[in-house]
Enquirer: 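Would you mind keeping the following structure in view while I ask a few things?
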Amino acid sequence: MNELKTLTNESLRSLISQTEDTLVELRAELEQRDIRAQERELDNLDQHMESAALSLKSIQDFLRYLIDEARSNRS
């Protein structure tokens, strides 16, 4: 940071401009990465839905089993 004190105002303004440009580029890259990640998730939505349906079916089967067991133990 000590070297900043030796920069001319013009050099400092240039450095600020370059830094702002870099920040704009970094934000754009991050936004593109987020968009690509969302697109990948949307591409896999069918697989996620199938997985959720299988999980729900397993839970339903287990609950039916518990209910059947409870009913048979009452008899």
Enquirer: Do Ser51 side-chain atoms and Gln47 backbone N/O form a donor-acceptor pair below 3.5 Å?
Expert: no
Enquirer: Which value, rounded to the nearest 0.5 Å, describes the distance between Gln60 atom CD and Leu63 atom CG?
Expert: 8.0 Å
Enquirer: Any side-chain donor-acceptor pair under 3.5 Å between Ser11 and Thr8?
Expert: yes
Enquirer: More than 12 heavy atoms of other residues, nucleotides or ligands under 6.0 Å from CD of Glu10: yes or no?
Expert: no
Enquirer: May I ask you to say whether Arg40 pairs ionically with Asp43, meaning some side-chain N is under 4.0 Å from a carboxylate O?
Expert: no
Enquirer: Would you say CD of Glu31 has more than 12 non-hydrogen atoms from neighbouring residues, nucleotides or ligands within 6.0 angstrom?
Expert: no
Enquirer: Could I get the full list of side chain to side chain contact (heavy atoms under 4.5 Å, CB included) partners for Glu41, not counting sequence neighbours?
Expert: His48
Enquirer: State which residues pass side chain to side chain contact (heavy atoms under 4.5 Å, CB included) with Leu4; sequence neighbours excluded, sorted by chain then number.
Expert: Met1, Leu7, Leu12, Leu15
Enquirer: About how many Å separate CD1 of Ile59 and OG of Ser55, when rounded to the nearest 0.5 Å?
Expert: 6.5 Å
Enquirer: Would you compute the distance between atom CD of Glu69 and atom CZ of Arg74 and round it to the nearest 0.5 angstrom?
Expert: 12.5 Å
Enquirer: How long is the gap from CG on Leu23 to CZ on Arg27, to the nearest 0.5 Å?
Expert: 4.0 Å
Enquirer: When you look at CZ of Arg33, are more than 12 heavy atoms from neighbouring residues, nucleotides or ligands closer to it than 6.0 Å?
Expert: no
Enquirer: Rounded to the nearest 0.5 Å, what separation is found between the CG atom of Asn73 and the CG atom of Asp68?
Expert: 11.0 Å
Enquirer: What distance separates Glu3 CD from Lys5 NZ, expressed to the nearest 0.5 Å?
Expert: 10.5 Å
Enquirer: Report yes if the side chains of Ser58 and Leu54 come closer than 4.5 Å at any heavy-atom pair, otherwise no.
Expert: no
Enquirer: Could you tell me whether the side chain of Val24 reaches within less than 4.5 Å of the side chain of Glu20, counting heavy atoms only?
Expert: no
